[in-house]
Amino acid sequence: MLDIRLIRANPDRYKQGLSRKQSNPGLIDELLMADDAWRSHLVEVERLKSVRNRTSEEISRMKKQGQDATQAIAEMKSVGEQIKELDEQVKDLEARVHNLLLEIPNIPHESVPDGLSEEENALVRFWGDLPKFDFAPRHHWEIAQDLDIVDFERAVKITGSRFVLYKGLGAKLERALANFMLDYHIAHHGYTEMFPAFIANEESLIGTGNLPKFGDEMFKLEGLPYYLIPTAEVPLTNYHRDEILSAAQLPVKYAGYSASFRSEAGSAGKDTRGLIRVHQFQKVELVKLVSPETSYDELESLVEDAAKILEALDMPYRVIEICTGDLGSKETKKYDLEVWLPAQQRYREISSCSNFEDYQARRANLRFRRDESAKPEYVHTLNGSGVAVGRTIAAILENGQQADGSVKLPKALIPYMGVETLAKGK
RNA sequence: GGAGUGAUGGCCGAGUAGGUCGAAGGCGCUCGCCUGCUAAGCGAGUAUACGUCACAAGCGUAUCGAGGGUUCGAAUCCCUCUCACUCCGCCA
């Protein structure tokens, strides 16, 4: 949610921001019109209420003195009716303004490169050497099936398409990666481990910006105002919703492992095989609440925190900066980490790190005080995957595959796995 | 699932025959005074949001879980809902 006062003061800045993002700048005019109407109605109804308050006091006084107040009471009755009518209009207009504010996207930071689509995302850097194979590298789903560590068919039987079931060392690998990533962030990056519920209520989803616009991207629980979380960003960011933190607490840094549920509406036909795009996947999510002036530095370090996982696993990756046209609705600036998948001969997103500035904080009423007597200010929120476990498994299988069909595991995982390779029949 | 109790300001806690109640009192906090130090004591102050406006002062409006109703007027009366807690049942 943007700051209505700032929009009033400088509408053009916001229109330009929305235009850069390939979003509709007309929303700003729509908002300002509704806001204008709301304010003028509010002034009028408050004037009437003021009259009523004063007269009611007067009536009280008259009655105590035994005077006749019939006339004043009659007058106030009609004023009361006017107030009731106007109040309703004010309420409607207010809701309209509020709803528009909830739907208007965040605007890009000035440093974000302009661009129309993902084609124009900017390459920041590469890391690692691409593996060389003296055979045609196979896709991760082929390797996984061959090793019998992921069962795609039976997962479909049990649930449906785009669900997977990890088995044997595959299941252990999933668990090992979660432990490894959490241990790493806690030991080296100063995050506090969190394990949230995988279901969140509507307030929380509004807080992070998933509602009201993106309800169809989530699974809703029938008959309940609850959703399966699309990411642990939701519970971790909402953890301090409606709270005022002290400056000394900042930056707050949480690392949470959870399942993430995506309806994948609109992605029919894309990545229909393997582990890349499924309805439920696990990841470790990093969330930071920081003071505003530090948020862009914190974004850089967030990217580094996520990248260190891939480096520790020796997975080649690149960092790209998302251009204005490819930015999501909520973020002001975003970097993606993309891991190399040899069979596809391309990099695939494995982490997405964003700064939201106060867009989520305003929705979630998430504030801090610089000192005891200072007025509360909104924090800036950031989050990034650190990283997605399923896609990491895909990367490990493809990058570590050997000619004999086995997979060499990254050194860092060996203590967690108890074996050095994944081989048939184990 | 059944039965019950409750929801007031940062915290505790008054306040129901509706009328200066934004709300007593206490604690906490801030500033000042006093005081070998500390503690105690004394004095003053201490909610938030929105609108108007210069995001100043001032003024106005709203807020006693939420929403609605009755009334000239509601923390106080009526209705609906939510949440918390307790006991019972069930259960990992």
Side-chain angles (χ1 to χ4, degrees), chain A residues 1-11 13-14 31-102 195-207 211 221 223-227 238-249 259 292 357-358 361-379:
Chain A
M1 183 153 73
L2 299 170
D3 186 346
I4 182 81
R5 291 173 203 248
L6 294 179
I7 297 176
R8 282 176 197 151
N10 195 355
R13 172 166 180 258
Y14 289 89
L31 173 73
L32 288 176
M33 273 173 57
D35 179 53
D36 230 44
W38 170 65
R39 284 188 290 163
S40 62
H41 281 71
L42 187 63
V43 168
E44 177 59 11
V45 78
E46 287 189 351
R47 188 186 65 80
L48 289 174
K49 282 180 179 174
S50 171
V51 169
R52 181 178 67 183
N53 285 345
R54 255 182 289 123
T55 312
S56 288
E57 270 175 46
E58 186 63 25
I59 289 170
S60 169
R61 204 169 307 130
M62 289 167 81
K63 285 200 163 178
K64 273 182 192 154
Q65 293 170 0
Q67 298 174 15
D68 177 37
T70 317
Q71 166 97 22
I73 288 175
E75 278 171 25
M76 283 311 100
K77 196 172 173 84
S78 93
V79 169
E81 279 159 15
Q82 287 180 60
I83 287 173
K84 196 173 167 186
E85 207 171 296
L86 266 171
D87 254 344
E88 242 163 76
Q89 295 175 34
V90 167
K91 213 176 114 190
D92 288 350
L93 286 163
E94 196 167 22
R96 198 176 146 67
V97 169
H98 186 68
N99 291 336
L100 277 165
L101 275 173
L102 284 181
F195 186 67
F198 298 175
I199 294 174
N201 62 27
E202 286 177 338
E203 288 77 11
S204 294
L205 289 154
I206 288 170
L211 289 177
L221 269 59
L224 293 169
Y226 295 157
Y227 292 78
N238 278 282
Y239 181 69
H240 290 294
R241 173 156 51 86
D242 290 320
E243 293 183 18
I244 300 174
L245 305 170
S246 70
Q249 288 175 267
E357 295 195 7
D358 62 3
R362 196 176 293 280
R363 290 167 166 262
N365 193 27
L366 180 29
R367 297 176 293 174
F368 80 108
R369 264 189 239 276
R370 289 187 189 272
D371 59 70
E372 298 235 352
S373 57
K375 280 191 73 168
E377 296 172 54
Y378 291 108
V379 300

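So you know, we letter chains A, B, ... as the sequences are listed, proteins then strands, and number each from 1. Since the structure is predicted, the reported quantities are computational estimates derived from the model, not experimental observations.
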Return the 5'-most residue of the pair Ser50(A), Ser60(A) with respect to RNA chain B, ranking by each residue's nearest nucleotide. Ser60(A)

Can you spot which of His240(A), Gln249(A), Glu377(A), Glu243(A) makes a side chain to side chain contact (heavy atoms under 4.5 Å, CB included) with Phe368(A)? Glu377(A)

Rounded to whole Å, please give me the gap between NZ in Lys84(A) and C1' in G67(B). 14 Å

Between G9(B) and U5(B) - P atom distance, rounded Å: 23 Å

CG (Asp35(A)) and CZ (Arg8(A)) are apart, to the nearest 0.5 Å, by 4.0 Å

The Watson-Crick or G-U wobble partner of U76(B), with both key distances under 3.5 Å, is none

Phosphate OP1/OP2 of C72(B) contacted by Lys77(A) side-chain N/O (<4.0 Å): yes

Without decimals, in angstroms, what is the distance between Glu57(A) CD and G18(B) P? 19 Å

Length of the CD-P vector between Glu46(A) and C53(B), whole Å: 13 Å

Would you classify Arg8(A) as touching base, sugar-phosphate or nothing, given that sugar-phosphate means primed atoms plus P, OP1 and OP2, and contacts are heavy atoms under 4.0 Å? sugar-phosphate

Which nucleotide in the list C55(B), G19(B), A62(B) gets nearest to the side chain of Arg5(A)? C55(B)

Quick one: label Leu42(A) by what it contacts on the DNA or RNA (base, sugar-phosphate, nothing), any heavy atom closer than 4.0 Å. sugar-phosphate

Let me know the distance between CZ of Arg39(A) and C1' of C55(B), rounded to the nearest Å. 13 Å

Using a cut-off of less than 4.0 Å, is there contact between a side-chain N or O of Asn53(A) and OP1 or OP2 of U61(B)? yes

For G4(B), which nucleotide is its Watson-Crick or G-U wobble mate, given both distances must be under 3.5 Å? C85(B)

To the nearest Å, how far apart are Trp38(A) CH2 and C50(B) P? 9 Å

For Ala72(A) and for Glu94(A), find the nucleotide of RNA chain B with the closest heavy atom, then tell me which residue's nucleotide is more 5'. Glu94(A)

Under 4.0 Å, counting only non-hydrogen atoms across every strand here, what does Thr55(A) touch: a base, just sugar-phosphate, or nothing? nothing

Ionic contact status for Glu88(A) with Lys91(A), cut-off 4.0 Å: no

Under a 3.5 Å cut-off for both distances, is U35(B) Watson-Crick or wobble paired, and to whom? none

If you look at every strand shown and take non-hydrogen atoms under 4.0 Å, does Arg52(A) touch a base, only sugar-phosphate, or nothing? sugar-phosphate

Quick one: is G19(B) close enough that its OP1 or OP2 comes under 4.0 Å of any side-chain N or O from Arg61(A)? no

Please state the P separation for the pair U35(B) and G51(B) - nearest whole angstrom. 49 Å

Rounded to the nearest Å, what distance is computed from the NZ atom of residue Lys91(A) to the C1' atom of nucleotide A66(B)? 12 Å

Begin with the C-alpha distance, continue with both residues' side-chain angles, and end with the deciding distance and a verdict on salt bridge (charged side-chain N to carboxylate O under 4.0 Å, His left out) for Arg61(A) and Glu58(A). CA-CA 5 Å; Arg61(A) 204 169 307 130; Glu58(A) 186 63 25; 2.9 Å; yes

Is the CD atom of Gln65(A) crowded by more than 12 outside heavy atoms at less than 6.0 Å? yes

Can you tell me the pairing partner of U61(B) across any strand shown, Watson-Crick or G-U wobble, with both distances under 3.5 angstrom? A49(B)

Now, which nucleotide makes the Watson-Crick or G-U wobble pair with A23(B), with each of the two distances under 3.5 Å? none

Grab the NE2-C1' distance between His98(A) and A49(B) for me, whole Å please. 14 Å

Rounded to the Å, how far apart are Ile83(A) CD1 and U61(B) P? 10 Å

Applying side chain to side chain contact (heavy atoms under 4.5 Å, CB included) to Lys49(A) and Asp87(A), what does each step give before you reach the verdict? CA-CA 10 Å; Lys49(A) 282 180 179 174; Asp87(A) 254 344; 3.3 Å; yes

